[in-house]
Amino acid sequence: MEDQEAVEAQALHVVTELFPHALGSLLGGSAAQGRASSTSDLDVAVLLPDPDVSRREVIRHEGRVVELFLNTLADVPEFFAWDRARRRGTVLFVYDQGLPLADPHGHVARTRQLAQDVLASGPPPLTAAE
């Protein structure tokens with residue numbers, strides 16, 4: 001296992017270096033649960049201001065693979081609904097179970113609550129074809 005403080009610091013460094021305008025961020029996956037090894041990737045959710053563009057990026061930063069879930073505040077509800085509809089809560093779980101890295105204005109806390117509410121509602125009913 002890798003030192004948890006070092007993992008969190010590296011994830012926060014990615015965010016502050018690449019997205020200085022971010023509204024907040026979380027660390028997800030095994031790294032958030034304290035199970036990261038030196039070869040584990042970092043799953044990082046970044047809340048962006050609305051003029052930005054929501055997207056997913058995989059990068060290498062300081063020798064480590066980082067999977068970035070980049071969402072604007074306005075797009076978060078749509079991405080959560082999409083995750084719920086697909087029954088694959090990737091972004092939902094990062095917000096629900098992730099470790100906040102930065103939340104200067106409470107956006108991460110509010111987005112986390114939204115994720116918890118969506119997850120509590122359960123998956124949509126199966127269609128006849130399913």
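Keep in mind it's a predicted model, so treat the numbers as computed, not measured.
Residues passing the salt bridge (charged side-chain N to carboxylate O under 4.0 Å, His left out) test with Asp75: none are found, sequence neighbours excluded. Pro123 meets the side-chain contact (heavy atoms from CB on, under 4.5 Å) test with Arg87; sequence neighbours excluded. Not counting sequence neighbours, the partners of Glu57 by the salt bridge (charged side-chain N to carboxylate O under 4.0 Å, His left out) test are Arg55. Among residues two or more places apart in sequence or in another chain, the side-chain contact (heavy atoms from CB on, under 4.5 Å) test is passed with Ala115 by Phe80, Leu92, Tyr95. Residues passing the salt bridge (charged side-chain N to carboxylate O under 4.0 Å, His left out) test with Asp83 are Arg86, sequence neighbours excluded. Residues satisfying the ring-ring contact (aromatic ring centres under 6.0 Å, His included) test with Phe93, not counting sequence neighbours, are none.
Tracing side-chain contacts under 4.5 Å through hydrophobic residues (I, L, V, M, F, W, Y), one never reaches Val108 starting from Leu99; they form parts of separate clusters. The hydrophobic clustering, which links ILVMFWY residues whose side-chain heavy atoms are closer than 4.5 Å, places Val46 and Val66 together. Note on Leu119 and Phe69: same hydrophobic cluster, where clusters join Ile, Leu, Val, Met, Phe, Trp and Tyr whose side-chain heavy atoms are under 4.5 Å apart, directly or indirectly. Both Leu70 and Ile59 are part of a single hydrophobic cluster, where members link through side-chain heavy atoms under 4.5 Å apart. Under a hydrophobic clustering in which Ile, Leu, Val, Met, Phe, Trp and Tyr are joined whenever their side-chain heavy atoms come within less than 4.5 Å, directly or via other members, Leu26 and Leu47 fall into the same cluster.
Once rounded to the nearest 0.5 Å, the distance linking CD of Gln10 with CD of Glu5 reads 14.0 Å. Atoms CD and CG, from Gln116 and Asp96 in turn, are 5.0 Å apart once rounded to the nearest 0.5 Å.
Contact check for Thr111 versus Asn71: no side-chain heavy atoms found under the 4.5 Å cut-off. Using a 4.5 Å heavy-atom cutoff, the side chains of Pro100 and Arg112 are in contact. For the pair Leu114/Val76, a side-chain contact is recorded, criterion being any heavy-atom separation below 4.5 Å from C-beta on. The shortest side-chain heavy-atom distance between Gln113 and Asp117 falls under the 4.5 Å cut-off.
Among all heavy-atom pairs drawn from Ala85 and Pro124, the shortest one is CA-CG, 3.9 Å. Nearest heavy atoms, Ala32 versus Gly98: CB-CA, 4.4 Å. Counting all heavy atoms, side chain and backbone alike, Ala74 lies closest to Asp50 at N-OD1, 2.7 Å.
Using a distance-only test at 3.5 Å, with no hydrogens or angles considered, no donor-acceptor pair links the side chain of Asp41 to the main chain of Val65. Without hydrogens or angle criteria, Thr72 side chain to Ser54 main chain gives no donor-acceptor distance under 3.5 Å.
Of the listed residues (Leu48, Asp52, Leu23), just one forms a side chain to side chain contact (heavy atoms under 4.5 Å, CB included) with Leu73, and that residue is Leu23.
Using bins of under 30°, 30° to 60° and over 60° for the plane-to-plane angle, the ring pair Phe19/His21 lands in the tilted bin.
Checking His61 against Arg64 by side-chain atom types alone, no donor-acceptor pair falls below 3.5 Å.
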Taking it one step at a time, do Val15 and Val44 satisfy side-chain contact (heavy atoms from CB on, under 4.5 Å)? CA-CA 8 Å; Val15 175; Val44 180; 3.6 Å; yes

